[in-house]
Amino acid sequence: KEKMQFWIINNKPDIAEYVLQKGVNRIFLDLERIGKFERQGHLNTWKTSHKEEDIGQLKKIVPKGKLMVRLNKLNENSKTEINNAIRGGADWLILPMIKSIDDIEKFCSYVSLRVPVIPLIETKESIKLLPKIIKIEGIKEIYIGLNDLSLSLGSKFLFEPLANNILENASELLNYHKIPWGFGGIARYGEGLLPAEKILGEHVRLGSSRLILSRTFVRNLQNLSDIKESMDFSSEINKLKETINYWSSQSNQEIKNN
């Protein structure tokens with residue numbers, strides 16, 4: 001079973017270098033713009049001001065294989081966006097807001113196996129299309145975005161798709177095909193809409209091995225000195241790892257009860 005990887009959304013080279021030393025596995029640059037504010041403008045979600053030129057700046061610091069770039073949903077400029085990101089040094093490309101199999105097939109054809117693609121499953125259409133999506137060449141991992149998925153499903157609460165077992169079939173499919181995957185975001189231990197430790201139990205139960213640290217994890221701070229001053233980063237990551245180890249050692253019934 002894969003060990004949990006922690007990802008962080010960030011475009012600052014000094015922060016990237018620091019958090020990679022402290023237990024973060026990958027840096028996630030977010031260039032998605034199209035439709036994001038319209039969908040999530042009313043929500044307290046992470047809306048970044050990352051730019052294409054940030055890829056090259058991060059690439060100087062981030063080791064090979066650890067820089068992911070989320071682009072816009074499939075659009076008339078996708079080919080250019082993909083080429084620029086790969087030229088800049090992206091190791092992985094993430095496609096959001098997939099509504100049809102055509103979206104992801106076209107995107108992957110433009111990428112043409114130059115880097116692996118991670119489809120972001122965050123629409124009610126894409127969760128149903130997963131059995132087809134995982135067969136597309138070039139797809140190595142899957143991430144399920146709970147913010148947009150809960151909106152797409154008409155849920156009232158971010159974690160409602162978990163409570164309604166929406167991820168059960170997806171997890172069985174992905175685990176069976178040995179495709180690494182993850183979902184949602186995580187706050188610090190003892191924090192979050194639902195306490196982080198409860199959510200981590202669900203990651204263990206479902207077999208997830210990828211996890212984005214939420215912006216509240218670093219208190220939305222944009223400055224390395226502020227982050228260093230306000231928290232012991234390694235210690236907070238270790239608390240999450242210890243909680244994952246705790247759940248991994250519990251009985252199936254305990255995990256189910258959680």
What are the two closest heavy atoms between L113 and E137, and how far apart are they? CD1-OE2, 3.7 Å
Can any side-chain N or O of R188 pair as donor or acceptor with the backbone N or O of F217 at less than 3.5 Å? yes
List the residues meeting side-chain hydrogen bond (donor to acceptor under 3.5 Å, both in side chains) with E191, not counting sequence neighbours, and say none if there are none. R219
Are any side-chain N or O atoms of Y143 and backbone N or O atoms of G184, one a donor and one an acceptor, separated by less than 3.5 Å? yes
Determine whether H203 and I244 satisfy the following criterion, side chain to side chain contact (heavy atoms under 4.5 Å, CB included), listing intermediate values before the conclusion. CA-CA 8 Å; H203 279 271; I244 290 164; over 6 Å; no
With the side chain counted from C-beta on, respond yes when N75 and E81 share a heavy-atom pair under 4.5 Å apart, and no when they do not. yes
Using distance only, find each side-chain donor-acceptor pair of residues 88-96 under 3.5 Å and give its atom names and separation, not counting sequence neighbours.
{"from": "D91", "atom 1": "OD1", "to": "K59", "atom 2": "NZ", "distance (Å)": "3.2"}
{"from": "D91", "atom 1": "OD1", "to": "G65", "atom 2": "N", "distance (Å)": "3.3"}
{"from": "D91", "atom 1": "OD2", "to": "K59", "atom 2": "NZ", "distance (Å)": "2.9"}
{"from": "D91", "atom 1": "OD2", "to": "G65", "atom 2": "N", "distance (Å)": "3.0"}
{"from": "D91", "atom 1": "OD2", "to": "K66", "atom 2": "N", "distance (Å)": "3.2"}
{"from": "D91", "atom 1": "OD2", "to": "L67", "atom 2": "N", "distance (Å)": "3.0"}
{"from": "W92", "atom 1": "NE1", "to": "G65", "atom 2": "O", "distance (Å)": "2.9"}

Residues E254, N258; criterion side chain to side chain donor-acceptor pair (under 3.5 Å); working and verdict: CA-CA 6 Å; E254 287 295 320; N258 176 64; over 6 Å; no
Rounded to the nearest 0.5 Å, what's the gap from NZ on K135 to NE2 on H177? Could you check? 7.0 Å
Is the backbone of D148 close enough, under 3.5 Å, to the side chain of S152 for a donor and an acceptor to pair up by distance? no
Show me the side-chain donor-acceptor pairs of residues 193-202 shorter than 3.5 Å, one per line, residues at least two apart or across chains.
{"from": "E197", "atom 1": "OE1", "to": "G190", "atom 2": "N", "distance (Å)": "2.8"}
{"from": "E202", "atom 1": "OE1", "to": "R205", "atom 2": "NE", "distance (Å)": "2.9"}
{"from": "E202", "atom 1": "OE2", "to": "R205", "atom 2": "NH2", "distance (Å)": "2.8"}

Grouping I, L, V, M, F, W and Y whenever their side-chain heavy atoms are under 4.5 Å apart, do I179 and L130 come out in a common cluster? yes
Note, I9 side chain near R215 side chain (heavy atom, < 4.5 Å): no
Restricting to non-hydrogen atoms, name the atom on V24 and the atom on I27 that form the minimum distance, rounded to 0.1 Å. CG1-CD1, 4.4 Å
Please report the shortest heavy-atom distance between M231 and E236, naming the atom on each side. CE-CG, 3.8 Å
Verify side chain to side chain contact (heavy atoms under 4.5 Å, CB included) between L31 and I55, making sure each step is shown before the conclusion. CA-CA 10 Å; L31 301 182; I55 303 173; 4.1 Å; yes
Counterpart residues, side-chain hydrogen bond (donor to acceptor under 3.5 Å, both in side chains), relative to N11 (two or more places apart): D54
To the closest 0.5 Å, what do you measure between CD1 (I166) and CG (L153)? 5.5 Å
Hey, any chance M68 and I136 share a hydrophobic cluster, counting ILVMFWY side chains that come within less than 4.5 Å of each other, even indirectly? yes
Residue pair L71 / A85: nearest heavy atoms and the distance that separates them: CD2-CB, 4.2 Å
Please name all residues satisfying side-chain contact (heavy atoms from CB on, under 4.5 Å) with N252, sequence neighbours left out, ordered by chain then number. none
Would you indicate whether the side-chain heavy atoms of R70 and H50 approach each other to under 4.5 Å? no
Give a yes or no answer on whether the side chain of S214 reaches the backbone of I186 with a donor-acceptor pair at less than 3.5 Å. yes
If hydrophobic clusters are built by linking Ile, Leu, Val, Met, Phe, Trp and Tyr wherever their side-chain heavy atoms come under 4.5 Å apart, do L213 and I61 end up in the same one? no
Determine whether Q57 and P13 make a side-chain contact, defined as any pair of heavy atoms from C-beta on separated by less than 4.5 Å. yes
Check the hydrophobic clustering (I, L, V, M, F, W, Y; side-chain heavy atoms under 4.5 Å; chains of links allowed) and say if I98 and I101 are grouped together. yes
What residues, two or more places apart in sequence or in another chain, satisfy side-chain contact (heavy atoms from CB on, under 4.5 Å) together with N245? none
Please check if the number of heavy atoms outside Y189 that lie under 6.0 Å from its OH is greater than 12. no
Less than 4.5 Å apart, any side-chain heavy atom of R114 and any of I82? yes
For K3 and K241: C-alpha separation, side-chain torsions, deciding distance, then whether side chain to side chain contact (heavy atoms under 4.5 Å, CB included) applies. CA-CA 10 Å; K3 264 192 171 166; K241 286 181 178 173; over 6 Å; no
Does any non-hydrogen side-chain atom of F233 lie less than 4.5 Å from one of V218? yes
Indicate yes or no: at least one non-hydrogen side-chain atom of D103 is less than 4.5 angstrom from one of K73. no
From OG (S209) to CH2 (W181), nearest 0.5 Å: 8.5 Å
Atom pair CG/CG of L158 and L149 - distance to nearest 0.5 Å: 9.5 Å
Output for pair (D30 CG, I212 CD1), nearest 0.5 Å, gives 9.0 Å
Taken to the nearest 0.5 Å, the spacing of I127 CD1 from I142 CD1 works out to 9.5 Å
In terms of heavy-atom contacts, L206 and E168 come closest through CD2-OE2, 3.7 Å
Quick one: does any side-chain atom of E122 pair with a main-chain N or O of M97 as donor and acceptor, under 3.5 Å? yes
Side-chain heavy atoms of V19 within contact of I237, under 4.5 Å: no
So which atom in G23 and which in F6 form the shortest heavy-atom distance, rounded to 0.1 Å? O-CD1, 4.0 Å
